[in-house]
Amino acid sequence: MNNELMIDIQGVHHAYEHDRVIEPVLHGIDLRVRRGEFVIVMGPSGCGKTTLLNILGLMMPPTRAESLNLAGANALTLTEADRTRLRRELIGFVFQRFNLLPTVTARRNVGLPLEIRGENVDGQVDALIKRAGLANYANKKPGQLSAGQQQRFALARALVGRPALLLADEPTGNLDSANAAEVMDLLCAFHRDWGQTIVLITHNDNLAVAADRVLHMRDGRLSE
Amino acid sequence: MLALAWANLMHRKLRTALSALAVGLGIALLLVSKGLANGSIAEVDARMQSVSAEIVILPAQENVIFTNGAPFPGIFERLIARQADESGPLATNVIPVFFGQAHMGGQQQRLFGVDPRQMDLFLGPRRVLAGQVFDRAVGFAELSAQAGRTDSAEILAVDNLSDRLDDGLELVIDDRLRRAGWRDENGIHQEYRLGDVIRLMGRPFRIVGIVEAGVAGRVFAPLQTMRELLNGGQPWSSMFFVQLRPDVDPVRAADHYQAVLGSEARVELKSEYGRLLHESFAQVSMYMSATSGLALVVCFLFILLTMHTMVLERTREIGILKALGMTRAGLVRLSVTEALVVSVAGVAIGIGLAGAAKWGLSIAKPLLTVDLTPALLVIAIALGVLGGTLSALYPGYRAARLEPATALAYE
């Protein structure tokens, strides 16, 4: 971990509009995360955690923001193509619902980020799958895997391109405690070895011990 | 990209197969209808080109396909024969043809009334496969002449004359028409055979000869017989072929004949007959093209709908791919690649179906010619690929425009 900022956002607001009714979700979020830092954001359901993560992951633009810098790039001024490129090169995602493509094998799912980049898939993918203890399941399709296995493959996919920033949205939310512990162990092991910045959102207090810093979110506001 | 597209398509095998089949049906319809139109025209043209002549003289203002009756009185034949230059007559043979109709081989046939003595000009190198070519038929003309008739209908009305007229009630058919045959009262297909009697124009005609396919007509009768039965014995004709002296320039000769015969006749080089057929067939051809084109459009709308449904169904997956950094162009490419795979498979199915239809038609309807030329196949492939691409562009564009977060939240 160093003092260089991976995430530096200020005054981020977001509101959803449903049937002409505007529903504010984020109320001026400020957040700074250093490179290599492991931050957990905790908060109840509906407080805006996923919205914040989507904005950090450039998956949706905020309604309004004073600044939104990722790895030194001002995301507010980027074109759609540049945001896509930044997401591809900088960020890995782990989702609560795993979000593996059901049409291809687990191995191919893991290799997708590299495939999209046009990079060679073979060596890295197999090594990562082996390290995740999933070598025997690599040729199965997601529908043939347990929830825990799916999430470990999803984690491998998020990390295969060696992203500098890993965003995890309730990665253990759909797992039992044993599988959740296994996924978190794996996540921590990768963090220890590769030192990527991690922002993980959860409402599970037990995960807090893994983080360098824990933030709390309530009603669209963030606090230490 | 291709592997991902393939995986997506294989995930929904039945839908993929149905989409490819829909495209295949459209392509097959296009190929068969165009192939049938082109094949029929090419086959008729080739048959007309087989006549040993350089010029055709047709009634003006008439469609060459539907020309019937005999608009040219005998004076035309004599006028054509009389044209000469300093070296002698321009024509070595003036070949009158009198058209009639014969329902044979399950469809209406153009019955060629020709002078038996000129049959060799129609046959060329083609062989007589069975029987003979009207050598008895000349007797009919002689009989008519001997009767000294002023009104041939009167002669034909004489009951006991009917048997004697048999000499002229003869047909020569080609081998293709022989195979097309007829259906007996039990619906069983029977080929025509020598000696079979066919009732035409209220009279029993006997098949006396079978010749190799490729001659101008599929069915011939003696010219005089046709004139007796349909034109009161008057020497009128439906059209003429003109065989020129070898040293005569056909173009100049055609111009000369046109000038002499005036606006009643249309004088053309025989080599132009194919063009005349295409012109005459243009409306039918346009209708067939429009019908098959419409079928093709429906097929591509089916692909559009399929791709659109696939995009909707896979909205979450599109969100995943976008989250992983796939570009808008990449998503459009994925969508287009999937549609291309379906289209290429559809084109292959279509070509296969068209080939099967051609084979089936050659068995069931031997008189139909489906001409699947390389050019037509190239057009079908191009249409399939282009249509598939265009059909996928809009769904692909829609997928590409989705915000990843919106797509991932889609249920």
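What you see is a predicted model; the values in this text were computed from it and never measured.
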Problem - A/Arg131, CZ: over 12 other non-hydrogen atoms inside 6.0 angstrom - result: yes
Exercise for the section: Apply the test side-chain contact (heavy atoms from CB on, under 4.5 Å) to residues A/Arg157 and B/Leu324: give CA-CA distance (whole Å), side-chain angles for both, the deciding distance (0.1 Å), then the verdict. Expected result: CA-CA 9 Å; A/Arg157 183 181 66 185; B/Leu324 297 178; 3.9 Å; yes
Exercise for the section: With a 4.5 angstrom heavy-atom cut-off, could you sort out which part of A/Glu89 is near chain B: side chain, backbone, both or neither? Expected result: neither
Handout entry: Side chain to side chain, A/Thr63 and A/Tyr16, heavy atoms closer than 4.5 Å
Key = no
Exercise for the section: Supply the atom-to-atom distance A/Leu166 CG to A/Leu200 CG, rounded to the nearest 0.5 angstrom. Expected result: 8.0 Å
Exercise for the section: Counting only heavy atoms closer than 4.5 Å, note whether A/Asn99 contacts chain B via side chain, backbone, both or neither. Expected result: both
Practice task
To the nearest 0.5 angstrom, please state how far the CD1 atom of B/Ile320 sits from the CZ atom of B/Arg316.
Solution key: 6.5 Å
Practice task
Please flag which part of A/Leu100 lies under 4.5 Å from any non-hydrogen atom of chain B: side chain, backbone, both or neither.
Solution key: backbone
Fill in the blank from the handout: Turns out that what part of B/Leu321 lies under 4.5 Å from chain A's heavy atoms comes down to both
Practice task
Considering only heavy atoms and a distance below 4.5 Å, find which of A/Pro102, A/Ala81, A/Gly92 pairs most often with chain B.
Solution key: A/Pro102
